[in-house]
Peer 1: 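Sharing a structure with you now.
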Amino acid sequence: MRPHLLLLGGTTEARLLAERLSARGDLDVTLSLAGRTQSPLAMPVPVRVGGFGGAEGLEAWLREHRVAALLDATHPYAARISANAALAARRAGVPLLCLARPAWVPERGDDWRPVADVAAACEALGTAPRRVFLALGRQEVAGFATAPQHRYLIRSVDPITPPPPMPHVTAITARGPFTLEEEALLLDAHRIEVIVCKNSGGTASHAKLLAARARGLPVLMLQRPAPPDVPRVTNVAAALDWLSHALKLRGV
């Protein structure tokens, strides 16, 4: 029986891992997606969609499917998923690695203002109406209902349903990566005055920060959640090296 890897995905890094691992003939891979994107990209390995039922459900899945290794390549802000993975792996005795892309670092000319959460971002926007680009996931958008005076631009891969509760919203659907030219045109067309985003890291959505720098726009940056205390790497090559080592230690 070939060893079984569970890959928690939803990121570019998870897709790259799936592509690399699909070429191996000595490993079964299951890619798990949370189901937040209605039309995910096609993957070269079997995919399951949806939650496991917390840490207990994930632990049961690991045991039932005799998983030899667990690789968490979820988004840096998927705090609950990562916490459940750490707990389930420890209880099931399955080696776990987190692939966490490095955070963006401000450079000269950037006007980044760290905020702890959506409530802090709403407060930082102030009382005067502003034109705001919410470069966030669908889960966070509704929290800006407490600041209805602003005009919001929201971009998402899928349409947001139900529609955001704020009275002044322009919603567009698009899938990255986005170029600097595209982001510059977007900010200018909507006369954006401030951006609210997550420090996601990576290259797919970084261009908006370059466009903001060139225009002197402030960026309210939601701080990353504290990660669980598990082994971690920052790139696909290191994750593949870890996996080979972990499987050898388990004698598979």
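Atom set for the values below is all heavy atoms of this structure, side chains included, hydrogens, waters and symmetry mates excluded. Positions are given from 1 along the sequence.
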Peer 1: Can you tell me how the ring of Tyr77 sits relative to the ring of His75, calling it parallel under 30°, perpendicular over 60° and tilted otherwise?
Peer 2: tilted
Peer 1: Enter the distance from Leu8:CG to Ile81:CD1 here, rounded to the nearest 0.5 Å.
Peer 2: 7.5 Å
Peer 1: To the nearest 0.5 Å, what is the distance between CZ on Arg63 and CG on Leu58?
Peer 2: 11.0 Å
Peer 1: Honestly curious: do Val115 and Met221 fall in one hydrophobic cluster under the side-chain, below-4.5 Å linking rule?
Peer 2: no
Peer 1: Looking at Asp28 and Arg2, does any basic side-chain N land under 4.0 Å from a carboxylate oxygen?
Peer 2: yes
Peer 1: So does Thr179 get a backbone contact from the side chain of Glu182, meaning a donor-acceptor N/O pair under 3.5 Å?
Peer 2: yes
Peer 1: Check Leu31, Leu96, Val67 against Leu6 for a side-chain contact (heavy atoms from CB on, under 4.5 Å) and give me the one that passes.
Peer 2: Val67
Peer 1: For the CG atom of Leu16 and the OG1 atom of Thr11, what is their distance to the nearest 0.5 Å?
Peer 2: 8.5 Å
Peer 1: Measuring from atom CG of Leu243 to atom CG of Leu21, what distance do you get when rounded to the nearest 0.5 angstrom?
Peer 2: 6.0 Å
Peer 1: Let me know which of Lys208, Arg215, Arg213 forms a salt bridge (Lys or Arg N to Asp or Glu O under 4.0 Å) with Asp110.
Peer 2: Arg213
Peer 1: Identify which one of Leu125, Val169, Val132 satisfies the side-chain contact (heavy atoms from CB on, under 4.5 Å) criterion when paired with Phe144.
Peer 2: Leu125
Peer 1: Is Arg91 close to Glu56 at the side-chain level, that is, under 4.5 Å between some pair of heavy atoms?
Peer 2: yes
Peer 1: So if you build clusters from Ile, Leu, Val, Met, Phe, Trp, Tyr with side-chain heavy-atom gaps below 4.5 Å, do Val230 and Leu87 land together?
Peer 2: no
Peer 1: Donor-acceptor pair, distance only, cut-off 3.5 Å: does the side chain of Arg232 make one with the backbone of Pro228?
Peer 2: yes
Peer 1: Write down the atom of Pro114, the atom of Gln223, and the distance for their closest heavy-atom approach.
Peer 2: CB-NE2, 3.7 Å
Peer 1: I'd like to know if Leu186 and Val196 are part of one continuous hydrophobic network [Ile/Leu/Val/Met/Phe/Trp/Tyr, side-chain heavy atoms within less than 4.5 Å].
Peer 2: no
Peer 1: Examine the side chains of His4 and Thr30 and answer whether a donor and an acceptor come within less than 3.5 Å of each other.
Peer 2: yes
Peer 1: Looking at every non-hydrogen atom in both residues, tell me the closest pair between Ala68 and Leu247 and how far apart they are.
Peer 2: CB-CD2, 3.9 Å
Peer 1: Check whether any side-chain heavy atom of Leu222 lies under 4.5 Å from a side-chain heavy atom of Val118, and answer yes or no.
Peer 2: yes
Peer 1: Search all heavy atoms of Val47 against all heavy atoms of Val49 and return the closest pair with its distance.
Peer 2: CG1-CG2, 4.0 Å
Peer 1: Is any side-chain heavy atom of Leu17 closer than 4.5 Å to one of Leu99?
Peer 2: yes
Peer 1: What's the separation between atom CZ in Arg131 and atom NE2 in His150, rounded to the nearest 0.5 Å?
Peer 2: 12.5 Å
Peer 1: Check for a donor-acceptor pair, side chain of Ser22 on one end and backbone N or O of Glu19 on the other, with a separation under 3.5 Å.
Peer 2: yes
Peer 1: Got more than 12 heavy atoms from elsewhere within 6.0 Å of CD, Gln149?
Peer 2: yes
Peer 1: Do Val219 and Leu134 belong together in a cluster built from hydrophobic side chains that touch within less than 4.5 Å?
Peer 2: no
Peer 1: Surrounding CG of Asp229 (heavy atoms of other residues, nucleotides or ligands, distance under 6.0 Å), is the total greater than 12?
Peer 2: no
Peer 1: Is the ring pair Trp104/His206 parallel, tilted or perpendicular, if the boundaries are 30 and 60 degrees?
Peer 2: tilted
Peer 1: Taking C-beta and beyond as the side chain, do Pro129 and Glu193 meet within less than 4.5 Å on heavy atoms?
Peer 2: no
Peer 1: For Phe178, is the NZ or CZ atom of Arg175 found under 6.0 angstrom from the centre of its six-membered ring and inside 45 degrees of the ring axis?
Peer 2: no
Peer 1: Is any side-chain heavy atom of Leu136 closer than 4.5 Å to a side-chain heavy atom of Lys198?
Peer 2: yes
Peer 1: Give a yes or no on whether Arg80 atom CZ has more than 12 heavy-atom contacts from other residues, nucleotides or ligands under 6.0 Å away.
Peer 2: no
Peer 1: At their closest point, which heavy atom of Arg224 faces which heavy atom of Ala103, and how far apart are they?
Peer 2: NH2-CA, 3.3 Å
Peer 1: Indicate yes or no: at least one non-hydrogen side-chain atom of Leu209 is less than 4.5 angstrom from one of Trp112.
Peer 2: yes
Peer 1: Check for me, please, whether Ile154 and Phe133 land in the same ILVMFWY cluster - side-chain distances under 4.5 Å, paths through other members count.
Peer 2: no
Peer 1: Tell me the closest heavy-atom pair linking Thr173 and Pro159, and the distance in Å.
Peer 2: CG2-N, 3.7 Å
Peer 1: So, Asp72 versus Thr74: side-chain donor-acceptor pair below 3.5 Å or not?
Peer 2: yes
Peer 1: Does some side-chain heavy atom of Arg101 sit less than 4.5 Å from a side-chain heavy atom of Glu13?
Peer 2: yes
Peer 1: Could you give me the CA-CA distance, side-chain angles and deciding distance for Leu71 and Leu5, then say whether side-chain contact (heavy atoms from CB on, under 4.5 Å) is met?
Peer 2: CA-CA 7 Å; Leu71 215 167; Leu5 168 72; 4.1 Å; yes
Peer 1: Taking all non-hydrogen atoms of both residues into account, name the closest pair between Glu59 and Ala88 and its distance.
Peer 2: N-CB, 3.6 Å
Peer 1: Do Ile172 and Leu153 come within less than 4.5 Å of each other through their side chains, counting heavy atoms only?
Peer 2: yes
Peer 1: Before giving the answer on side-chain contact (heavy atoms from CB on, under 4.5 Å), spell out for Ser32 and Phe52 the whole-Å C-alpha distance, their side-chain angles and the decisive distance to 0.1 Å.
Peer 2: CA-CA 10 Å; Ser32 178; Phe52 292 91; 3.4 Å; yes
Peer 1: Find the distance between CG (Leu187) and CD1 (Ile195) and round it off to the nearest 0.5 Å.
Peer 2: 5.0 Å
